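The structure appears right after this line, and notes come after that.
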Amino acid sequence: MRRIFHAVLVSLCLLGNCSLLYAADGEVDFLDDAFYEEAPEENAVRDPFEGINRVVFTFNDYAFVWVLNPLANGYSKLLPSDIRGAIANVFYNLQEPMRFINSLLQVRFSDAGTLLTRFTVNTIGGVGGLGDPASELGFEKTEATFCQTLDNWGVPDGIFLMVPVMGPTTLRDISGRVVDRFSLSPIYYNWAAGWEESVGIYMGKEVNNLSLHLGEYEAMKKMSFDPYIAVRDGFYQLRRQRWQNSMSSSDAVVEPLE
Amino acid sequence: MQIFRRVLVVLLFLTLLPLTQQVSAATPDPTEQLKPVVDKVVSLLKDAEFRKKPVVEQSDVIVKIVAERFDFREMSKRVMGKQWRTLNPEQKDQFVALFTKLLQYVYINQVDGYLDKKIEFTDQRIRRDRAEVKTLLVGADKRIPVSYIMLLEKDNWMAYDIVVEGVSLIRNYMEQISTVLRDEKFPGLIKMLENKITKLEAGEKEE
């Protein structure tokens with residue numbers, strides 16, 4: 001295991017040591033023209049494997065249209081949305097200890113407190129995380145992933161990758177995700193009786209999540225003339241926005257005064 | 001000393017009061033200006049009679065309403081980025097016309113998404129001549145934040161970007177356009193836009 005980590009870290013340093021695009025750093029302010037003036041060519045996304053990525057993207061598109069989407073559609077008809085929401089809550093709650101550790105690694109102590117409270121309240125009061133009573137008590141959801149931790153520690157983003165089934169990511173983010181999934185939330189991967197079961201649980205989780213976001217991908221595809229680029233840019237924009245939101249709740253970021 | 005201070009406060013108050021009033025009177029309220037237009041479009045789209053009309057006709061009606069509060073030229077300029085300056089006036093007009101059309105169809109294509117949802121105007125912020133009007137699309141099982149980014153042109157707030165769940169539409173198109181421009185230059189871009197528009201027109205008719 002240690003060797004794998006070592007390899008990942010070395011490859012991160014080798015491949016990842018390049019200029020970032022408009023990555024997670026820098027505030028997004030839509031009232032600021034700078035956001036629109038970051039010319040895409042200048043901060044070009046590091047996408048040396050664009051050719052391969054496009055092939056994977058086409059594969060994912062087929063997989064989505066012919067397998068994943070029909071599955072999620074049928075599933076969404078079987079179960080009402082509040083039950084699907086509760087299932088999503090359980091999966092979310094299982095990741096909460098990992099978020100707690102990551103928030104500590106990112107020196108976000110008040111968020112760490114919130115996350116610990118959320119996990120305790122939702123596991124006990126929300127019956128294993130089916131409900132989210134903690135939010136109602138004012139302990140709002142906060143994101144803290146190992147990808148953010150790596151970013152915090154100065155590990156660069158590296159290249160853009162399109163991963164089969166999983167979708168868009170970067171070299172750093174996929175390493176972060178692997179760490180989050182396998183070392184910090186072992187509950188439903190390591191307790192499964194074999195890889196088939198793990199895959200089953202993973203697919204269940206993804207289909208359940210997708211059933212709550214039906215139609216979003218199609219809408220996006222319909223309105224763009226290069227869906228691959230649209231997805232790539234959407235991924236970076238969404239991530240920057242999410243990280244900014246999760247950071248602004250901590251003491252690290254001070255709202256700039258006008 | 002205390003009296004002096006009190007007089008000073010009163011004086012300050014008196015001189016500042018008209019100033020603040022002047023500012024608020026001079027700047028129109030972006031939400032107040034945008035809301036009627038958005039409401040009108042949504043109520044039209046919810047109208048079954050209207051939706052029976054051909055897509056091209058629908059979009060003509062809608063673009064007239066929307067053009068009151070959306071600055072399509074500003075959108076086209078931003079989406080082109082630095083390339084805008086390299087275009088001649090005819091090319092600019094050609095691009096604006098096509099891009100406006102594309103945005104229209106994008107807007108109408110969202111119809112299904114709006115049908116079962118309610119739009120709430122939640123917040124706004126103004127900085128100099130820019131404003132962000134925040135809305136929330138409230139559906140049965142999800143809430144999608146949609147922001148309109150606006151520019152003050154004389155007495156009118158005009159939208160030049162729509163931000164859905166933190167993703168800027170203009171920024172997203174900008175990235176796509178710069179790739180097409182890099183590989184296929186301006187004629188390629190125009191052809192691509194035309195293809196997309198024909199597809200959207202045809203695709204809708206089939207339904």
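In this text the structure is predicted, and so the values were computed from the model without any measurement. Here is the naming used below: chain letters follow the sequence lines, and residue numbers restart at 1 for every chain.
Looking at B/Val167, the atoms closer than 4.5 Å to chain A (heavy atoms on both sides) sit in the backbone and in the side chain alike. Looking at B/Leu102, the atoms closer than 4.5 Å to chain A (heavy atoms on both sides) all sit in the side chain, from C-beta outward. At a 4.5 Å heavy-atom cutoff, B/Val164 makes no contact with chain A through either its backbone or its side chain. Of the two parts of B/Leu193, only the side chain, counted from C-beta on, holds a non-hydrogen atom closer than 4.5 Å to a non-hydrogen atom of chain A. Contacts between B/Leu151 and chain A at a heavy-atom distance below 4.5 Å are absent for every atom of the residue.
Here CD1 of A/Ile229 is found 12.0 Å from CD1 of B/Ile177. Values are rounded to the nearest 0.5 Å. To the nearest 0.5 Å, the span separating OH on A/Tyr228 from OG1 on B/Thr179 amounts to 9.5 Å. Rounded to the nearest 0.5 angstrom, B/Lys134 NZ and A/Phe30 CZ are separated by 10.0 Å. Atoms OG and CG, on B/Ser168 and A/Asp233 in that order, are 8.0 Å from each other to the nearest 0.5 Å. For the atom pair CZ of A/Phe225 and CG of B/Leu189, the computed distance is 5.5 Å after rounding to the nearest 0.5 Å.
Heavy atoms only, all atoms of each residue included: B/Gln176 and A/Ala230 are closest at NE2-CB, 3.4 Å.
Other residues, nucleotides and ligands contribute only 12 or fewer heavy atoms inside 6.0 Å of the OH atom of A/Tyr62. Counting non-hydrogen atoms of neighbouring residues, nucleotides and ligands closer than 6.0 angstrom, the NZ atom of B/Lys35 reaches no more than 12 such neighbours.
With sequence neighbours excluded, the residues that form a ring pair (Phe, Tyr, Trp, His ring centres under 6.0 Å) with B/Phe99 are B/Phe95, B/Tyr173.
Proximity of a side-chain donor or acceptor of B/Lys196 to a complementary backbone N or O of A/Met223 within less than 3.5 Å is not detected. No donor-acceptor pair closer than 3.5 Å links the side chain of B/Glu132 to the backbone N or O of A/Leu31.
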